[in-house]
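Okay, so here's the structure we're looking at.
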There are 2 protein chains.
Amino acid sequence: MMQASATAEREAPSARQQAVLDVVLGLMVEDGEQLTMDAVARRASCSKETLYKWFGDRDGLLTATVRWQASRVHAGHDAAQILDGATLRERLQDFAVTWLEVITGPTSVALNRIAIAHAGSRKSNLGGIVLANGRFAIGERVKPVLEAGRAAGLLAFADSEATFRTFFGLVGRDIQIRLLLGETLDFDGAEIRRDAGRAVEQFLALYGQAKPDPNRHV
Amino acid sequence: MMQASATAEREAPSARQQAVLDVVLGLMVEDGEQLTMDAVARRASCSKETLYKWFGDRDGLLTATVRWQASRVHAGHDAAQILDGATLRERLQDFAVTWLEVITGPTSVALNRIAIAHAGSRKSNLGGIVLANGRFAIGERVKPVLEAGRAAGLLAFADSEATFRTFFGLVGRDIQIRLLLGETLDFDGAEIRRDAGRAVEQFLALYGQAKPDPNRHV
DNA sequence: CGAATAGCGTACCGTACCGTACGGTACGCG
DNA sequence: CGCGTACCGTACGGTACGGTACGCTATTCG
């Protein structure tokens with residue numbers, strides 16, 4: 001009872017606990033159906049009693065897993081420097097590629113499926129956590145770049161939130177919903193880069209002010 | 001055993017069966033968790049045995065429900081006439097409004113949640129049905145309009161599928177994923193129309209050739 | 001009118017799974 | 001050495017739910 005649940009206390013999970021959470025992620029990816037406490041305990045070589053001691057209940061385990069995965073994605077939050085047209089395009093391209101790589105990954109698909117299924121009922125919003133660490137986290141990282149671009153006279157827009165949402169739509173299009181609904185689109189890195197490039201060009205066509213490089217492959 | 005399952009045979013459901021399917025939809029919207037065969041039978045005032053006779057099993061009932069809802073959405077498939085700029089814009093606006101109204105509706109959200117949760121396992125792809133009647137159905141209706149616009153010299157693009165996907169992204173942006181993950185965005189008709197208008201303007205800015213009416217409310 | 005059929009209500013079965021209890025083991029510490 | 005702690009493995013209780021069986025009623029049809 002000292003250690004209590006890593007979920008409620010929001011402490012960082014221990015190495016052993018992280019191993020358990022990775023097992024949960026693995027089971028999610030394999031087959032979301034067989035994600036049972038017995039299966040987790042068996043695969044993780046730990047007892048169910050320990051699972052309940054650490055995570056409280058099934059929802060606690062799922063929540064901890066979502067947080068754990070989210071904590072991995074948060075990478076560099078590099079400060080906004082002075083932008084010229086080329087670096088702005090490059091930064092946007094990076095965001096688009098990263099985002100597409102994330103949402104097309106099997107872990108993201110499985111995690112979003114679980115969270116969406118859970119969002120139907122009330123208790124313990126996994127959906128909120130996924131949104132906060134996915135859609136909104138990327139938004140908070142992109143908007144400063146957009147604003148720096150505006151400050152440098154490269155972009156013209158009024159509402160950075162609305163502008164980011166357009167960028168989001170141009171990048172993601174129908175990909176996420178199709179994957180979530182079970183279609184098996186396979187993207188290699190090349191296709192993702194091509195897709196991201198198209199989205200960035202279209203975004204700059206809508207919001208760009210100067211055009212330092214008029215190559216259009218739309 | 002004469003009548004057999006309305007699902008397997010793909011016959012149109014009888015009026016009584018439609019009432020049952022509407023009950024299922026209602027339960028889905030209310031709370032996806034309590035969607036149990038007992039609850040359906042109780043709410044629909046029919047026996048579970050009848051449910052199993054009509055629909056085979058739980059998946060059959062869900063599949064029939066998805067089909068039933070899909071059959072309602074398929075509205076006018078009006079043939080493409082000659083387009084001028086104003087009617088092209090109007091047609092696109094109509095599609096955007098309709099699509100946004102559908103995906104923001106509680107029925108669509110609940111149905112997509114069920115289908116996505118189901119897509120995790122293999123058996124009985126509700127996801128495929130939802131995709132076919134949602135994303136792909138709207139695509140097959142929009143693409144002829146785009147091609148008619150191109151034939152009239154109003155639009156310029158090479159791949160109508162890719163072009164539609166951009167339109168899809170500009171209209172939907174992050175709305176569907178946020179709703180599926182449990183965020184409560186409430187749209188009134190005015191906001192939907194404004195959103196659709198912005199999407200259409202942006203789409204025409206990317207793909208339009210002539211601009212007969214340069215009012216920009218972006 | 002009598003038989004058959006469709007369908008309602010309900011009781012029931014089997015199973016899957018969450019959550020708990022309990023015995024056994026390894027390890028640190030006084 | 002002996003005690004407490006942490007944990008594994010497993011067995012068990014409780015329950016919810018999918019699916020089936022059966023009795024009863026109403027309607028239809030010969």
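Keep in mind that the numbers below use all heavy atoms, side chains included, and drop hydrogens, waters and symmetry copies. Below, read A as the first sequence line, B as the second, and so on, with proteins coming before strands; counting in each chain starts at 1.
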How close or far is atom P of C:dC8 from atom CD of B:Gln17, stated in whole angstroms?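 After rounding, the gap between these two atoms is 11 Å.
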Between atom CZ in B:Arg16 and atom C1' in C:dA6, what is the gap in whole Å? 11 Å
All salt bridge (Lys or Arg N to Asp or Glu O under 4.0 Å) counterparts of A:Glu101, not counting sequence neighbours: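 Testing A:Glu101 for salt bridge (Lys or Arg N to Asp or Glu O under 4.0 Å), a comparison that skips the adjacent residues, returns none.
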Could I get the full list of salt bridge (Lys or Arg N to Asp or Glu O under 4.0 Å) partners for B:Asp94, not counting sequence neighbours? none
Treating primed atoms plus P, OP1 and OP2 as sugar-phosphate and everything else as base, which nucleotides of nucleotides 9-27 of chain D get B, S or - for protein heavy atoms under 4.0 Å? B-------SBBBBB-----
Output yes when at least one side-chain N/O atom of A:Trp54 is less than 4.0 Å from OP1 or OP2 of D:dA6, else no.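 Indeed not, no polar side-chain atom of A:Trp54 lies that close.
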Considering residues at least two apart in sequence or located in another chain, which fulfil the ring pair (Phe, Tyr, Trp, His ring centres under 6.0 Å) criterion with B:Phe167? B:Phe203
Any pair counted as ring-ring contact (aromatic ring centres under 6.0 Å, His included), so long as it reaches residues 98-132 of chain A, sequence neighbours left out: A:Trp99-A:Phe168
Show every donor-acceptor pair shorter than 3.5 Å between a side-chain atom in residues 125-132 of chain A and any protein atom, with sequence neighbours excluded, or say none if there are none.
none

